[in-house]
Amino acid sequence: YIKGLVLLAMSSAAASGLSSRRLTTGLLVLLAMPSATASDPGPVNLGGASHFVILARAAISNTPTSLITGNVGSMAGITGFETLTADASREFFTSAQIDGRLYRGVDCAEPTPTILTSALADMDAAYANVVSRPHSLPASQFVDRKAGAIAYETFTPGVYSWSSFVHVASPIYVKGGKDDVWVFQVAGYMSTAAAASVVFQGNDDGRGTPTSDNLFWVVGEYLVLGASCNMHGTFLIAEYVTFGAASSLAGRILAR
């Protein structure tokens, strides 16, 4: 459920328009990735899900006005986007609120349903991969940090795990280089306070600053983003997502 202003960004490769030819199975082969450890979790391969900034099995509902940069896909209905215009091919729709394409499995022509089915399978594989990664050490730093109530905390690269909920009450800081990876595993639900944010910080070592593409959240229940919050990263969600008014995300929402 999307309410108010939602800003989503993705890498340039994924942001370009989808086509049936681009998304054939042959073009979505999994690339060999370097081995990863808990302290160096390594990248997460999203496969065909990386072509979407919002992807869901269930319906997507929007309360205008929102601004979304990238492609939106759902196997069920997508409602609340003003002036949907069907492409002549009937493979996708466009909207003034989406700088990208809207794909609905329920009423778009082939190959869109097949493309969405494949992307959702890749999303499931990514979810399983991320949720199964071992937490980094020491456990005192990476397991159940602050009992899930995090505020003004700094997170270095690694795999963080919470056995219950996470609530982001104020800014948190993600510190490292542009190639570092962060994984946040939340067994329960996740929520943010109004105006909460993720702030990237570099190490002044010439390795740049963190990027949204290398920050991953896996949430075992639902996600609620408070009004005017500013979040980053790819969210792999087991249940549903609610955006508060004027909230923003630089990243992706992939809801199972």
Side-chain angles (χ1 to χ4, degrees), residues 2 6-16 18 28 30-31 33 36 40-58 60 68-74 100 103 116 118-133 135 150 155 157-162 166 168 172 174 176-187 189-192 196-200 209-225 229-243 247-256:
I2 303 169
V6 182
L7 305 175
L8 294 109
M10 62 198 306
S11 64
S12 58
S16 56
L18 300 183
L28 290 178
L30 298 181
L31 300 176
M33 294 294 184
D40 179 18
V44 176
N45 194 316
L46 299 177
S50 68
H51 295 283
F52 298 87
V53 292
I54 301 177
L55 178 65
R57 280 193 175 83
I60 297 171
I68 298 173
T69 301
N71 297 308
V72 177
S74 170
Y103 295 83
L116 288 171
S118 178
L120 289 166
D122 290 341
M123 175 184 71
D124 289 342
Y127 183 100
N129 175 279
V130 176
V131 79
S132 67
R133 295 190 180 198
H135 64 75
I150 53 177
F155 295 91
V159 179
Y160 296 81
S161 178
W162 287 269
V166 161
V168 182
I172 61 172
V174 173
K178 65 180 179 63
D179 296 319
D180 293 330
V181 176
W182 289 258
V183 171
F184 296 89
Q185 302 166 331
V186 183
Y189 70 87
M190 178 176 172
S191 61
T192 76
S197 63
V198 171
V199 179
F200 289 145
T209 57
T211 68
S212 297
D213 285 340
N214 287 333
L215 175 58
F216 298 89
W217 308 78
V218 57
V219 180
E221 295 180 8
Y222 57 87
L223 170 66
V224 177
L225 299 181
C229 73
N230 180 20
M231 299 300 287
H232 288 263
T234 292
F235 285 83
L236 293 147
I237 310 297
E239 296 181 7
Y240 63 87
V241 181
T242 299
F243 283 83
S247 58
S248 68
L249 169 66
R252 294 180 178 84
I253 291 290
L254 307 177
R256 304 180 72 198

Rounded to the nearest 0.5 Å, what's the gap from [atom1] on [X] to [atom2] on [Y]? Could you check?
| X | Y | atom1 | atom2 | value |
| --- | --- | --- | --- | --- |
| Asp180 | Thr209 | CG | OG1 | 10.5 Å |
| Met231 | Ile172 | CE | CD1 | 5.5 Å |
| His232 | Thr211 | NE2 | OG1 | 10.5 Å |
| Ser50 | Asn45 | OG | CG | 7.5 Å |

Looking at every heavy atom in both [X] and [Y], which two are closest together, and how far apart are they?
| X | Y | answer |
| --- | --- | --- |
| Ser74 | Ile60 | CB-CD1, 3.9 Å |
| Tyr240 | Ile237 | O-CG2, 3.6 Å |
| Phe243 | Leu225 | CE2-CD1, 3.5 Å |
| His51 | Asn71 | O-ND2, 3.1 Å |
| Val174 | Pro210 | O-CG, 3.4 Å |
| Val199 | Ser197 | CG2-OG, 3.8 Å |

Report yes if some heavy atom in the side chain of [X] is under 4.5 Å from a heavy atom in the side chain of [Y]; otherwise report no.
| X | Y | result |
| --- | --- | --- |
| Phe235 | Val241 | no |
| Val168 | Met190 | yes |
| Leu55 | Arg252 | no |

>> Would you call the rings of Tyr222 and Tyr189 parallel, tilted or perpendicular, taking 30° and 60° as the class edges?
In response: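 Because their plane-to-plane angle is under 30°, the rings of Tyr222 and Tyr189 count as parallel.
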>> For Trp162 and Phe184, take the angle between the two ring planes, folded into 0 to 90°, and tell me which bin it lands in: parallel under 30, tilted 30 to 60, perpendicular over 60.
In response: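 Parallel: the ring planes of Trp162 and Phe184 meet at under 30°.
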>> Going by side-chain contact (heavy atoms from CB on, under 4.5 Å), name the residues that satisfy it together with Ala126, two or more places apart in sequence or in a different chain.
In response: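 Result, side-chain contact (heavy atoms from CB on, under 4.5 Å) vs Ala126: Val44, Leu46, Leu236.
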> Listed by chain and number, what are the side-chain contact (heavy atoms from CB on, under 4.5 Å) partners of Asn129, not counting sequence neighbours?
Replying inline: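 With neighbours one apart ignored, the set is Arg133.
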> Counting N and O atoms only, with roles assigned by atom type, does the side chain of Trp182 sit under 3.5 Å from a partner on the main chain of Phe155, one being a donor and the other an acceptor?
Replying inline: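 Here the side-chain-to-backbone pair exists.
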